[in-house]
There are 2 protein chains.
Amino acid sequence: MSYSYDYPRPALTVDCVVFGFDDGDLKVLLIQRNEPPFEGEWALPGGFVRMDESLEEAARRELEEETGAREMFLEQFGSFGDVHRDPRGRVVTVAYYALVKLSDQSIRAETDARSAEWRPMRALPPLAFDHEMILARALARLKEKVRREPVGFELLPKKFKLTQIQHLYEAVLGRTLDKRNFRKKLLRLGLLVPLDEQETDVRHRAAQLFRFDRKKYLRLVEKGFHFEL
Amino acid sequence: MSYSYDYPRPALTVDCVVFGFDDGDLKVLLIQRNEPPFEGEWALPGGFVRMDESLEEAARRELEEETGAREMFLEQFGSFGDVHRDPRGRVVTVAYYALVKLSDQSIRAETDARSAEWRPMRALPPLAFDHEMILARALARLKEKVRREPVGFELLPKKFKLTQIQHLYEAVLGRTLDKRNFRKKLLRLGLLVPLDEQETDVRHRAAQLFRFDRKKYLRLVEKGFHFEL
DNA sequence: CCAAAAGTGTTTCACGTACACCCATGC
DNA sequence: GCATGGGTGTACGTGAAACACTTTTGG
């Protein structure tokens, strides 16, 4: 079976930059290619857009295939269509970035078919196609996003301590932050709820745990509130 | 002649939201469609991506066809691929917004083929396809952009007076601004050069004219400067 | 008692905001 | 001389940034 058109059409794919946060490290999900071109090299997860799914649906389908999860933060950040970006022919890709809670046990990286790994942003392998550029753009977008919307919490467990958020922001923004000022600003927003629970089994003073009050945030947004860190 | 593929492919287009500024009004270039679907209705300029041009090249080609100009500010802001967004079949579009100087005589709106018009954002006709949503997203993007990068000047003549910039910002942001505070903030940036020239033939006090110092801006950006209004 | 991370306040300075009147020009 | 928009300064309050020591816990 084949499909014919009066004019030639580029192939259309979606690619996903999936960010996770763990051990103070910002990580990205990479796939090792098992066929040419770029066989054996690392690439972003992605695939062709089907005729019966929207772009976002295609991205979520790919994400589910690679991580096992479907409900995660997902945002489109750009499309890439240089004529020679894929040696096999004309392929235009729509790129998304996703944020997942690596602490969530339902997230995995391995599939039977191809090997996938969480790689720290600090030490990435070379990537196939124009994926290094796409990844750089995703990170740039995440940097802006994380300061203007409370998406950082998408990367943390539901219960977290303040230093975890700070380390997350430091990893994303690529610079250190002042502990007292950071906590002051964060708590002043009034969006973190202290839980009746503390860190346990640590050999130093136990940290207070918090959760992000999403409902309150959404209510405030209705009234014109704007998150900013 | 026809082109065959093993799997079906969506058609791929680019659409452009072309903003202009004139008489205190933010305007958009619209095309009146002369064939179905949506015959007679207004739509954004756009067209199919050819196999030998990148996405941005496709957008610039369309822009040149519609406005006569090629060198203008242009930025991609999103791709739209809902399955039923075009009644003729599956069409995915990559959307750009462009900023043009309406004061520049080389900009026109009419082509022989189809009628094109500059319409004020304050009073838009209904648009074909999902173009109202695309336009809304373009405006949202412009609102953010104009406050974080000096793109407002792309919409003004090379020589302008301060109230023109203020009116531009008011039109884009959709709210009034305080004259003294606006001028203070703007001039403090040190990016406007007062010219040896004033407004003429006005029946009130003549305004000082300025130009934007792009070279100085680029030098400052190298050093980590960040424009913000 | 030692190591390790948690937690906590004050001062200083810059910037955002609110606000009202005189100036120059053409008719 | 009047109508029209151009141009200017101050006072106040809020928020950003810099900065160091005490607390708790397990080993």
Side-chain angles (χ1 to χ4, degrees), chain A residues 21-25 143 146-148 156-157 159-171 173-211 220 224-229, chain B residues 21-25 143 146-148 156-157 159-171 173-211 220 224-229:
Chain A
F21 182 71
D22 190 24
D23 277 336
D25 265 341
K143 279 186 187 180
V146 91
R147 298 199 326 167
R148 305 193 211 299
L156 293 176
K159 300 171 182 180
F160 49 79
K161 46 183 186 167
L162 296 182
T163 36
Q164 279 179 290
I165 314 185
Q166 185 178 340
H167 290 151
L168 165 58
Y169 271 78
E170 290 176 336
L173 299 178
R175 61 192 163 93
T176 59
L177 300 170
D178 180 86
K179 182 162 62 159
R180 280 175 289 189
N181 292 335
F182 183 80
R183 292 157 100 98
K184 216 184 311 166
K185 228 192 304 187
L186 198 55
L187 291 173
R188 180 152 33 92
L189 297 173
L191 293 171
L192 296 193
V193 183
L195 301 172
D196 295 333
E197 203 172 344
Q198 295 197 334
E199 211 178 5
T200 52
D201 294 324
V202 285
R203 72 177 208 261
H204 54 75
R205 180 171 173 179
Q208 174 65 243
L209 294 180
F210 293 83
R211 70 174 179 84
L220 287 173
F225 169 79
H226 192 210
F227 180 93
E228 185 101 37
L229 262 189
Chain B
F21 182 71
D22 190 23
D23 278 335
D25 268 340
K143 278 186 189 182
V146 91
R147 296 198 329 168
R148 305 193 212 300
L156 294 175
K159 299 172 182 180
F160 50 79
K161 46 185 185 167
L162 297 182
T163 35
Q164 279 178 289
I165 315 185
Q166 185 177 339
H167 290 151
L168 165 59
Y169 271 80
E170 289 175 337
L173 299 178
R175 61 191 161 94
T176 59
L177 299 170
D178 181 86
K179 182 162 62 160
R180 280 175 289 189
N181 293 336
F182 183 81
R183 291 158 100 99
K184 215 185 309 167
K185 228 192 304 188
L186 197 57
L187 290 173
R188 181 151 32 91
L189 295 173
L191 294 171
L192 297 192
V193 183
L195 302 171
D196 295 333
E197 203 171 343
Q198 295 196 333
E199 212 180 3
T200 50
D201 294 323
V202 285
R203 69 177 208 263
H204 55 75
R205 179 170 172 179
Q208 174 66 242
L209 294 181
F210 293 84
R211 70 174 179 84
L220 288 173
F225 169 79
H226 191 211
F227 181 92
E228 185 102 37
L229 261 189

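From a predicted model like this one, the values you see are computed outputs, not experimental measurements. The basis for the numbers below is simple: all heavy atoms, side chains too, and nothing from hydrogens, waters or symmetry mates. Residue numbers start from 1 in every chain, and the chains themselves are labelled A, B, ... in the order their sequence lines are given, proteins ahead of strands.
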All N/O pairs under 3.5 Å across the protein-nucleotides 13-17 of chain C interface:
{"from": "C:dG16", "atom 1": "OP2", "to": "B:Arg188", "atom 2": "NH2", "distance (Å)": "3.1"}
{"from": "C:dT17", "atom 1": "O4", "to": "B:Lys184", "atom 2": "NZ", "distance (Å)": "3.4"}

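Taking the side chain of B:Arg180 as heavy atoms from C-beta on, and the options D:dG6, C:dC19, C:dG26, the nearest nucleotide is C:dC19. When distances run from any side-chain atom of A:Arg205 to the nucleotides D:dG26, C:dA5, D:dT8, the shortest one goes to C:dA5.
Annotation: proximity of residues 159-171 of chain B to DNA chain D (heavy atom, distance under 4.0 Å) is found for B:Lys161, B:Thr163, numbered in ascending order.
No donor-acceptor distance shorter than 3.5 angstrom exists from the side chain of B:Asp23 to the backbone of B:Asp25, with no hydrogens or angles considered. Formation of a donor-acceptor pair under 3.5 Å by the A:Gln166 side chain with backbone atoms of A:Leu177 is found in this model.
Taking for each of B:Asp178 and A:Lys179 the nucleotide of DNA chain C with the nearest heavy atom, the 5'-most of the two is the partner of A:Lys179.
In this structure, A:Gln198 atom CD and D:dT23 atom P are separated by 16 Å, rounded to whole Å. We find that CG of B:Asp201 is positioned 19 Å from P of C:dA24, with the value rounded to whole Å.
Summarising the geometry, atom CG belonging to B:Leu189 is positioned 9.5 Å from atom CG belonging to B:Leu220; distances are rounded to the nearest 0.5 Å. B:His167 NE2 to B:Ile165 CD1: the interatomic distance, rounded to the nearest 0.5 Å, is 11.5 Å.
If you run side chain to side chain donor-acceptor pair (under 3.5 Å) between A:Glu199 and each of A:His204, A:Lys161, A:Gln208, only A:Lys161 comes through.
Salt-bridge annotation for B:Arg148 and B:Glu228: present, with a side-chain N of the basic residue lying under 4.0 Å from a carboxylate O of the acidic one.
Aromatic ring centroids of A:Tyr169 and A:Phe182 lie under 6.0 Å apart.
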